[in-house]
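Presented below is the structure to which this report refers.
Side chains included, hydrogens not; waters and symmetry mates left out as well; all remaining heavy atoms used. A quick note: this is a predicted structure, and the numbers were derived from the prediction, not measured.
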Amino acid sequence: MQFARKALGVSAVTAVAATLWVGLAAPASAHNKTWTAACDTKTGKTTVSVDLTYYNADKANTVELKDNDTELVAVTNFPDSFKTDKTVAGDVAHTFTLTVKAWDDTDGKKGFSFTQKQTVPACVKPTSSSVAPTSSSVAPSSSAVVAPPSSNAPSSSATSVTTSPAAVAAATENPLANTGASVTLPLLLGGGLLAAGAVALFAVRRTRRNSGQ
């Protein structure tokens, strides 16, 4: 009986020890990793969530999260766990890249270290403000409606030219030729009278001389 009791006691202690070892050792080596990405049509947002647990905290592990080429989480050290939730716009597609490096799995053969991607398409339409053209792109320039000056409008120089021939014509109508003719005729008559008087005087003197002899 005593031997049986001792054996039973040893078995119970062994069972408890085994249970404690499994409870403590299993989670320590589990390296659980969960991450999801989805778009919510109600909120119009895309959310990505990362949850890492039971990593080995004896040394630092690292995690990095990218949205296309944008870093949502820069390279960050964590001990045994890491958790984050990021929200981005839902009107464009997203490709998320999660990179985890565990110090006790440098080559990734155990699956503790990994690089995974998830693509989420756009789930809502872009807002009207992002596609509507601005008023400045269709408004005409003020210089486009300015009319050039008319080429048919007469200039002041054309008006002055048309009036100059009239002044010349008026000047030519002055009767200067008649004044010259009236002066010439009296001169001719006077000259003839003077010549006739000279001839008569000469004849009288000659007659007197002949009578004196």
*Testing Val100, Asn61, Asp105 for side chain to side chain contact (heavy atoms under 4.5 Å, CB included) with Ser113, which one passes?*
Asp105
_Can you confirm whether more than 12 heavy atoms, excluding those of Asp69, are under 6.0 Å from its CG atom?_
no
*Compare all side-chain heavy atoms of Lys45 with those of Asp40 and state whether any distance is below 4.5 angstrom.*
no
*Do Lys66 and Glu64 have side chains that get closer than 4.5 Å, going by heavy atoms?*
yes
Rounded distance [0.5 Å steps], [atom1] in [X] versus [atom2] in [Y]:
X: Asp80; Y: Thr53; atom1: CG; atom2: OG1; value: 8.5 Å
X: Leu52; Y: Lys83; atom1: CG; atom2: NZ; value: 11.0 Å
X: Ser49; Y: Leu98; atom1: OG; atom2: CG; value: 11.5 Å
X: Asp51; Y: Trp35; atom1: CG; atom2: CH2; value: 13.5 Å

Would you name the heavy atoms of [X] and [Y] that are closest together and state the gap between them?
X: Val124; Y: Gly44; result: CG1-CA, 3.7 Å
X: Cys39; Y: Pro121; result: CB-O, 4.4 Å
X: Tyr55; Y: Pro79; result: CB-O, 3.9 Å

_Parallel, tilted or perpendicular, judged at 30° and 60°: which one describes the rings of Phe78 and Phe82?_
tilted
Do [X] and [Y] land in one hydrophobic cluster if side-chain heavy atoms of ILVMFWY residues count as linked below 4.5 Å?
X: Phe114; Y: Phe112; answer: yes
X: Leu72; Y: Val92; answer: no
X: Val73; Y: Phe96; answer: yes

[X] side chain vs [Y] backbone, donor-acceptor pair below 3.5 Å:
X: Thr70; Y: Asn68; result: no
X: Gln118; Y: Val48; result: no
X: Thr99; Y: Thr115; result: no

*Between the side chains of Asp104 and His31, is a donor N or O closer than 3.5 angstrom to an acceptor N or O?*
yes
